[in-house]
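Before any comments, here is the structure.
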Amino acid sequence: IEVNIDGDDVPPAPTPGSCKAVNETECTDDSCCNWCMPPNSTLGFCMTMIPYPVPAFECKKDVSSCKLHTTSKNCAKDGQCSWIPMGPPTADLGLCVYDWDRCKAPSFVPSGDEPKPAPSKPPAPKPTMGCTAKTADECDGNSCCMWCGTMFNTTAPGFCMPILDIPIPTMECSKDTVQCPDMMTEAECESDDVCSWTPFGPPGAKGPGVCVFDWDKCKK
């Protein structure tokens, strides 16, 4: 959605990206992408923008900034926002909201003259740490990662992100959330790539304990 008010230049709509950048700078340069990471983790990943904060992630971009624009003119100058009028046409009353539609890929209607696609390249080597894979198969091949998409942009191809121990309601992912607390023995717990056994005593003590989610195991 683009609105030209009083002749001011409006930022052009972005070209929808894939959000598969493997570093923070390249990811955040795409206005449709956000660089995020689980709390207390140093391993980030690039994901499509979601029009509200997700408590399970710490992200570089604040999508709630649109609401700070109180006039249609200021809202239109912000390339990621859209103005929803509320009231008489002559009154500048309304709400500035995050404009998710700007990042959606346009629908494709075959014309019959499209060139044949180039031969696909072999997938990149499997990553040893981080979730920077660019294909679903490569991402799911890493036990610490999962391939996800967001309900806010069904035209996006998806992205690779760290596996979590809590569900994200707005996302559909290839793997279920990890249920470390369901593992009742140390052997079972330690055999999982993202779980660690915490004993009810001094570190290293043998005996009763609890199995907890441990993302640090994926850094090794």
Side-chain angles (χ1 to χ4, degrees), residues 1 13-39 41-64 79-80 82 97-110 114 117-179 192-194 213 215 218-219:
I1 301 174
T15 301
S18 61
C19 298
K20 294 184 176 63
V22 297
N23 62 72
E24 179 181 335
T25 301
E26 184 181 351
C27 177
T28 54
D29 282 347
D30 188 329
S31 62
C32 291
C33 304
N34 204 353
W35 185 261
C36 301
M37 61 187 67
S41 172
T42 58
L43 295 179
F45 58 94
C46 193
M47 63 178 283
T48 49
M49 292 286 286
I50 294 178
Y52 61 83
V54 179
F57 300 139
E58 294 177 355
C59 300
K60 296 299 180 179
K61 296 180 182 178
D62 179 12
V63 297
S64 63
Q80 68 173 356
S82 177
V97 298
Y98 182 81
D99 183 11
W100 179 248
D101 287 337
R102 54 188 267 285
C103 289
K104 289 186 176 180
S107 57
F108 175 72
V109 179
E114 293 77 23
S120 58
K121 296 181 180 180
K126 191 172 297 184
T128 56
M129 65 180 294
C131 296
T132 57
K134 296 185 178 182
T135 67
D137 289 342
E138 182 186 356
C139 178
D140 287 338
N142 187 328
S143 57
C144 293
C145 305
M146 59 183 177
W147 190 261
C148 297
T150 168
M151 59 178 289
F152 293 103
N153 189 355
T154 56
T155 64
F159 52 91
C160 191
M161 61 171 282
I163 195 166
L164 299 175
D165 61 338
I166 55 175
I168 307 298
T170 59
M171 292 186 185
E172 294 183 357
C173 298
S174 57
K175 298 178 182 179
D176 294 330
T177 53
V178 180
Q179 302 296 329
D192 192 282
D193 290 310
V194 290
F213 182 79
W215 172 247
C218 288
K219 298 179 184 179

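Model, not experiment: these values are computed from the prediction.
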Step by step, work out the side chain to side chain contact (heavy atoms under 4.5 Å, CB included) result for Cys173 and Trp147.
CA-CA 6 Å; Cys173 298; Trp147 190 261; over 6 Å; no

Check: Going through the checks in order, is the disulfide (SG to SG under 2.5 Å) test met by Cys148 and Cys160?
Finding: CA-CA 6 Å; Cys148 297; Cys160 191; over 6 Å; no

Exercise. Between Met47 and Met171, does a side chain to side chain contact (heavy atoms under 4.5 Å, CB included) hold up when you go through it step by step?
Worked result: CA-CA 11 Å; Met47 63 178 283; Met171 292 186 185; 3.1 Å; yes

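With sequence neighbours left out, the side chain to side chain contact (heavy atoms under 4.5 Å, CB included) criterion links Lys60 to Glu24, Thr28, Asn34, Trp35. Considering only residues two or more places apart in sequence or on other chains, Glu26 meets the side chain to side chain contact (heavy atoms under 4.5 Å, CB included) condition with Ala21, Asn23. Residues forming a side chain to side chain donor-acceptor pair (under 3.5 Å) with Asp140 (at least two apart in sequence, or on another chain): Ser174. With sequence neighbours excluded, no residue satisfies ring pair (Phe, Tyr, Trp, His ring centres under 6.0 Å) with Phe159. A search for ring pair (Phe, Tyr, Trp, His ring centres under 6.0 Å) contacts involving Phe213 returns nothing, not counting sequence neighbours.
To the nearest 0.5 Å, atom NZ of residue Lys61 and atom OG of residue Ser31 are 6.0 Å apart. Here Asn142 contributes atom CG and Thr132 contributes atom OG1; the two are 9.0 Å apart, rounded to the nearest 0.5 Å. Here the straight-line distance linking atom CZ of Phe57 with atom CE of Met37 works out to 11.5 Å at 0.5 Å rounding.
Annotation for Ile163 and Ser143: closest pair CG2-O, 4.2 Å, computed over non-hydrogen atoms. In plain terms, the two heavy atoms of Lys175 and Cys145 that are nearest each other are NZ-O, 2.8 Å.
Taken together, Cys33 and Cys19 meet the criterion of an SG-SG distance shorter than 2.5 Å.
The number of heavy-atom neighbours closer than 6.0 Å to CG of Asp176, taken from other residues, nucleotides and ligands shown, is 12 or below.
Using a 4.5 Å heavy-atom threshold, the side chains of Lys20 and Lys134 count as touching.
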